[in-house]
Novice: 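Mind having a look at this structure? Questions to follow.
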Amino acid sequence: MSKYHFDITPHIVKQLGEQLVSDEITALLELIKNSYDADASYVSIEINTTGTYEKNKLFFPNHKGFIVVEDDGFGMSEETIMKSWLIISYSQKRAMKEAKETTPEGRTPLGDKGLGRLSTQRLADVCEIFTNEEGKEGTHIAFNWRDFEQEEALSEVRVQAKSYDPKKKNGTSLVLANLNHKEVWKGNNLEKFKGQVSQIISPYKENRPFEVYLKINGVSVDLDESNEELRDLAISRFEFDFNGKTITLSGKTKLTKFIGNNREDYHNYVEVDNGKKFFEFLEKKHKDLKFLSDKNFFLGFERKFEFDKDIGGLEVYNGERANPGAFLGRIDEFTYDNWLSNDENVKEIFGKLSNYRDFAQSQAGIKLFRNGFAVKPFGIDGDDWLRLRESQTTGGSYYPLRPANVIGYIAIDEGVNNKLKDKTDREGLVSNPYSRNFFTLSFFIKDEINRYQEGIRRAYNDFLKTYKTENSGIKTVSQAFKQLKETKTQTEEVVQEFNDAVSITGKAISSSKQLVNKTKNNPLFASDQEKEIGDQIEGILIELESVQNTLFKLNKIILKANQLNDVIDILEPKVEILQEQLNNFSELASLGLTTESVSHEFASIADRLAEKASFYSNRLENKKLTDSDIYVLMEYINTTVNGLKVQLRHLDPALKYNREKKSSFKISKFLNDEKDYYSNRFGKLDIEFIVENVEDFSIKINRGKLTQVLDNLLNNSEYWLNERKQNEKDFWPKIFIKIEAPWLYVYDNGFGIAPAVEDQIFEPFVTTKPKGEGRGLGLFIIQQLLDSSGCSIALEPTKNEHNRKFIFAMNFSNITE
């Protein structure tokens, strides 16, 4: 045998522990996970910063401060201790997970790195283990982490061991003595630690795998701080479940969510009939909303989205979308608005609003729990992994989810979600197609909740606007200006009368004062009747002075009313400009989308031309350029120029100087002119572009508008067909346009429109594309552009083989020739 061989210094083990375990809470979490993996029904943790452990006889009895982690799991044999604790990085759990095996209680082990034992050195110097399997002799081992800094070889670190007669049926007690950082368990740090514990172990009992008991310096810590009483104060509650194929998202909202910043509007238009009129208004715009008979919640919804059909931006791995596995979650939304100060539940549970706000915000965040244990850093210590701040806006409580206003979780399982792996340092998930798709799904759920929130917010504003308009009789901006002018005229008519009233009141006050002075200053010469009249006049005088004070206040209002003409003169032209800008918005936004598409094509053409130029330049430099080469290059340049002309011709009708021009043309001619562009564009993606002329017709419209309408529709088809093509290699994508006077139908052979959004598909910001790939404006802009030309678009009731609507029908009957 060679005298040369590898060894390792014990100091490396110390360094590993320091680098892989960032803080005390992470170290403790690793030990709690060990108890979970041992099928324990509970784990008990006792931390004592000054005392000495005396429950069992230790190998290192002289110490100050200790931590005991005790459970009733299946315990360890002597062989298991030898491997699991004394062979660094050995992990039987790793082999179990790879074989997809579970513990006797059906748990998939959480640990698999074989490094969890190193976490004990973060907490204390001495480590002593008492463990026994059911009906067997117990084993007690001990070692001191400080010995790892003194010995030269790992095998020379002293480990003491002996057998003992166990008092428990089975289980493990881990005693850590000589605490390293006692300050962590004291004062303000202790309060911070308590908060951290409640973050790393799920406060939701339905999501917690087993009981955890914690005692620090003799005081028990309640881990159920996020209790049902707090959750009952939520103004919205959202639950979601991904079963591996379909996301089911449901939510419910309290009526008080709509108080927002204007309680007067809420009281006058919503609270008076418990939201009855408001729900009737909501129901017309949002077909999937339901009125809830629940005494706490006002309305609810449920929406379903299919993993393979409705969600864009998912990565494909080994020929199919990388499925992260089933998961579920819950998000409770809270408000801290001042109106809650008078809420009886807040008073009863928390005493005052500030206490409730502080307590709720200390629990805030959406955590990621694996089998009831937090995966750092998701939602911990303010981590905003779902980027709620990006959609945060100021205003009332019915705006999108905000970091400080939500308490919730997403729950994953070690066995079901085995592709979602923890990083070695326990700080996040390993990046792979499965974890990236998990994040895409999580963001999709967040965006759908925000879309619901935004939808009911807009509906509430529309409801208020509608009912205020009905009550005031004002329907348009011009009517509003007309009423302002009438108010100004009416004010001018009563100014003289008002001035007369002020003058008469002043004289009456003066006369009354004289009479009062006469009776008050000459009491000897005044009769009893005069004295009585004097007292009455004094009372009238007080009332007259009150009237005069009111008149002075009214005078200020009249002066402002007289300035209404100036206000109108300033506002009227500005409002007219604003209306014009709003009319242009749809055209400009749509032009941007068209330009985006064309610019991509320009870039591709330019890249190909540059590549060819470089190739022939090299041949010229090397004196290898032939007449044949020049001919080929010229042909290529001509082809490229023609390609650019096609792109420009496509864009040209939408430019500013052309946008107001209307021309007459046949639909078939228009589509034939555009076909070269689309055939070239779709051909690169192997998408077949088919135009069917059943009954041709002519229309008069701005050509640019129609170009933009068609572009937006075909952009959607292109995106979703490409998504399906990536997931199904044998899929042959097709886009169809059918001409049938006075209709134009556009559809494709994709999955069709998700039922959850089919009723809101033409509303702004409605999309199932991931953020950055879809704005949710395309169909809204199409509707606006067609409406401005007297045309319309609708989603046909006809359904495809996937039982989904899929045909967009445009009606041009008002502009046919």
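Sequential numbering from 1 along the given sequence is applied to the chain's residues. The structure displayed is predicted, hence computed values, not measured ones.
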Novice: Got a second to check how far Leu314's CG is from Arg321's CZ, nearest 0.5 Å?
Specialist: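 Here the interatomic distance stands at 4.5 Å.
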Novice: Could I get the full list of salt bridge (Lys or Arg N to Asp or Glu O under 4.0 Å) partners for Lys725, not counting sequence neighbours?
Specialist: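 Applying salt bridge (Lys or Arg N to Asp or Glu O under 4.0 Å) to Lys725 gives none.
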Novice: Taking the side chain as C-beta and beyond, is there a heavy-atom pair between Ile737 and Ile690 under 4.5 Å?
Specialist: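 Counting from C-beta outward, Ile737 and Ile690 never come under 4.5 Å.
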Novice: Would the number of heavy atoms belonging to other residues, nucleotides or ligands and lying under 6.0 Å from NZ of Lys738 be above 12?
Specialist: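 Counting other residues, nucleotides and ligands, NZ of Lys738 exceeds 12 neighbours.
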Novice: If every non-hydrogen atom of Ser435 is compared with every non-hydrogen atom of Leu420, which pair is closest and at what distance?
Specialist: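 Smallest interatomic distance, heavy atoms only, reads CA-CD2, 3.5 Å.
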Novice: Between Glu695 and Phe697, is any pair of side-chain heavy atoms under 4.5 Å apart?
Specialist: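 Side chain of Glu695 against side chain of Phe697, heavy atoms only: no contact under 4.5 Å found.
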Novice: Output yes when a side-chain donor or acceptor of Arg237 lies under 3.5 Å from a complementary backbone atom of Phe297, and no otherwise.
Specialist: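 Such a contact is absent between Arg237 side chain and Phe297 backbone.
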Novice: In a check of side-chain contact (heavy atoms from CB on, under 4.5 Å) between Phe438 and each of Leu368, Asn417, Asn432, which one passes?
Specialist: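 Looking at Leu368, Asn417, Asn432, the match for Phe438 under the side-chain contact (heavy atoms from CB on, under 4.5 Å) is Leu368.
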Novice: Between Asn693 (side chain) and Ser668 (backbone), is there a donor-acceptor pair under 3.5 Å?
Specialist: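 Side chain of Asn693 to backbone of Ser668: no pair is present.
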Novice: Short question: side chain of Asn450, backbone of Pro400 - any donor-acceptor pair under 3.5 Å?
Specialist: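 A pair under 3.5 Å: no.
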Novice: If you define the side chain from C-beta out and look only at heavy atoms, does anything of Trp743 sit under 4.5 Å from Asn811?
Specialist: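 Yes, side chains in contact.
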Novice: Between Leu714 and Phe682, does the side chain to side chain contact (heavy atoms under 4.5 Å, CB included) criterion hold? Intermediate values first, please.
Specialist: CA-CA 10 Å; Leu714 298 183; Phe682 296 147; 3.9 Å; yes
Novice: To the nearest 0.5 Å, tell me how far Glu302 CD sits from Lys252 NZ.
Specialist: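 Taking CD in Glu302 and NZ in Lys252, the distance rounds to 12.0 Å.
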Novice: Please say whether more than 12 non-hydrogen atoms of neighbouring residues, nucleotides or ligands are located less than 6.0 Å from OH in Tyr317.
Specialist: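 Incorrect, the count does not exceed 12.
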Novice: What distance separates Ile235 CD1 from Asn405 CG, expressed to the nearest 0.5 Å?
Specialist: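 It comes to 7.5 Å.
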Novice: Where do Ile366 and Leu388 land on the side chain to side chain contact (heavy atoms under 4.5 Å, CB included) test, with the steps shown first?
Specialist: CA-CA 10 Å; Ile366 299 174; Leu388 301 182; 4.1 Å; yes
Novice: Counting distance only, does the side-chain N/O of Tyr460 pair as donor-acceptor with the main-chain N or O of Phe258 below 3.5 Å?
Specialist: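 Yes, Tyr460 side chain to Phe258 backbone: donor-acceptor pair under 3.5 Å.
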Novice: What side chain to side chain donor-acceptor pair (under 3.5 Å) pairs are there with at least one residue in residues 757-766, not counting sequence neighbours?
Specialist: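 Pairs touching residues 757-766 that pass the test: none.
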Novice: Could you tell me whether a side-chain N or O of Asn437 sits under 3.5 Å from a main-chain N or O of Glu315, the two making a donor and an acceptor?
Specialist: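 Indeed, once roles are kept as given, a pair shorter than 3.5 Å links the two residues.
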Novice: Check Phe305, Phe307, Phe439 against Phe444 for a ring-ring contact (aromatic ring centres under 6.0 Å, His included) and give me the one that passes.
Specialist: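 Running ring-ring contact (aromatic ring centres under 6.0 Å, His included) over Phe305, Phe307, Phe439 with Phe444 returns exactly one hit, Phe305.
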Novice: Parallel, tilted or perpendicular for Phe443 and Trp385, by the 30°/60° rule?
Specialist: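 Ring orientation of Phe443 relative to Trp385: perpendicular.
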Novice: How long is the gap from CD1 on Ile449 to CD1 on Ile331, to the nearest 0.5 Å?
Specialist: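 Interatomic distance, Ile449 CD1 to Ile331 CD1, rounded to 0.5 Å: 4.0 Å.
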Novice: One pair to check against side chain to side chain contact (heavy atoms under 4.5 Å, CB included): Trp720 and Asp748. What are the steps and the verdict?
Specialist: CA-CA 9 Å; Trp720 289 109; Asp748 58 57; 5.8 Å; no
Novice: Treating Asn749 as the side-chain partner and Trp732 as the backbone partner, does any N or O pair qualify as donor plus acceptor under 3.5 Å?
Specialist: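 Side chain of Asn749 to backbone of Trp732, a donor-acceptor pair under 3.5 Å: yes, one is there.
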Novice: Search all heavy atoms of Val416 against all heavy atoms of Ala326 and return the closest pair with its distance.
Specialist: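 Result for this residue pair: CG1-N, 3.6 Å.
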Novice: Assign the ring pair Phe808 / Phe762 to parallel, tilted or perpendicular, where the plane angle (0 to 90°) is split at 30° and 60°.
Specialist: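 Perpendicular.
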Novice: Does Lys254 make a cation-pi contact with Phe298, if we ask for NZ or CZ under 6.0 Å from the ring centre and within 45° of the axis?
Specialist: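 No, a cation-pi geometry is absent between Lys254 and Phe298.
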Novice: Check whether Asn727 reaches the backbone of Asp308 with its side chain - one donor and one acceptor, N or O, closer than 3.5 Å.
Specialist: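 Checking the backbone N and O of Asp308 against the side chain of Asn727, no donor-acceptor pair under 3.5 Å is found.
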Novice: Could you tell me if the side chain of Glu740 sits less than 4.5 Å from the side chain of Tyr745, heavy atoms only?
Specialist: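 Touching, per the 4.5 Å side-chain cut-off.
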Novice: Could you tell me the separation between the CD1 atom of Ile667 and the CG atom of Leu706, rounded to the nearest 0.5 Å?
Specialist: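 Nearest 0.5 Å value for the CD1-CG distance: 5.5 Å.
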Novice: Using the six-membered ring wherever Trp is involved, compare the ring planes of Phe751 and His802 and label them parallel, tilted or perpendicular (cut-offs 30° and 60°).
Specialist: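 Geometry flag for His802 against Phe751: perpendicular rings.
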Novice: If every non-hydrogen atom of Phe378 is compared with every non-hydrogen atom of Gly428, which pair is closest and at what distance?
Specialist: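 Where Phe378 meets Gly428 most closely, the heavy atoms are CE1-CA, 3.8 Å.
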Novice: Using a strict cut-off of less than 4.0 Å between a Lys/Arg side-chain nitrogen and an Asp/Glu carboxylate oxygen, indicate whether Arg451 and Glu454 qualify as a salt bridge.
Specialist: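 Judged by the 4.0 Å cut-off on N to carboxylate O distance, Arg451 and Glu454 do not form a salt bridge.
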Novice: Please tell me if the side chains of Phe670 and Thr707 come closer than 4.5 Å, counting only heavy atoms from C-beta onward.
Specialist: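 Yes, close enough: below the 4.5 Å cut-off.
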Novice: Hey, can you pull the donor-acceptor pairs under 3.5 Å for the side chains in residues 238-248, sequence neighbours left out?
Specialist:
residue: Asn243; atom: OD1; partner: Lys245; partner atom: N; Å: 2.8
residue: Asn243; atom: OD1; partner: Thr246; partner atom: N; Å: 2.7
residue: Thr248; atom: OG1; partner: Lys304; partner atom: NZ; Å: 3.2

Novice: Is it true that a side-chain atom of Asn712 and a backbone atom of Ile782 form a donor plus acceptor pair closer than 3.5 Å?
Specialist: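 No: the side chain of Asn712 does not pair with the backbone of Ile782.
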Novice: Quick check: closest heavy atoms across Ser679 and Phe689, and the distance to 0.1 Å?
Specialist: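 Reported closest heavy-atom pair: OG-CD2, 4.2 Å.
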Novice: Between Ile410 and Ser442, is there a side-chain heavy-atom distance shorter than 4.5 Å?
Specialist: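 They are in side-chain contact.
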Novice: What distance do Ile445 atom CD1 and Arg303 atom CZ have between them, rounded to the nearest 0.5 Å?
Specialist: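 Between Ile445 CD1 and Arg303 CZ, I get 13.5 Å after rounding to 0.5 Å.
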Novice: Do Ile699 and Phe665 make a side-chain contact, defined as non-hydrogen atoms from C-beta onward lying under 4.5 Å apart?
Specialist: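 Side-chain contact under 4.5 Å: yes.
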Novice: Are side-chain N/O atoms of Glu333 and Ser236 paired as donor and acceptor at under 3.5 Å?
Specialist: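 Indeed, the side chains of Glu333 and Ser236 share at least one donor-acceptor pair under 3.5 Å.
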Novice: So, Asp310 and Arg804, do they make that salt bridge, N to O below 4.0 Å?
Specialist: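 Yes, charged N to carboxylate O under 4.0 Å.
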Novice: Locate the shortest heavy-atom distance separating Glu723 from Gly313; write the atom from each residue and the value.
Specialist: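 Smallest interatomic distance, heavy atoms only, reads OE1-N, 3.1 Å.
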Novice: Quick check: closest heavy atoms across Ile815 and Cys791, and the distance to 0.1 Å?
Specialist: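 Looking at all heavy atoms of both residues, the shortest contact is CD1-SG, 3.4 Å.
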Novice: Take Leu713 and Leu779 through the test side chain to side chain contact (heavy atoms under 4.5 Å, CB included) and record every step on the way to the result.
Specialist: CA-CA 7 Å; Leu713 282 173; Leu779 291 172; 3.8 Å; yes
Novice: Side chains of Tyr409 and Asp332: do they bring a donor and an acceptor to under 3.5 Å?
Specialist: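 Result is no, nothing qualifies.
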Novice: Do Tyr678 and Ile735 touch side chain to side chain, with heavy atoms closer than 4.5 Å?
Specialist: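 Sidechains of Ile735 and Tyr678: no contact.
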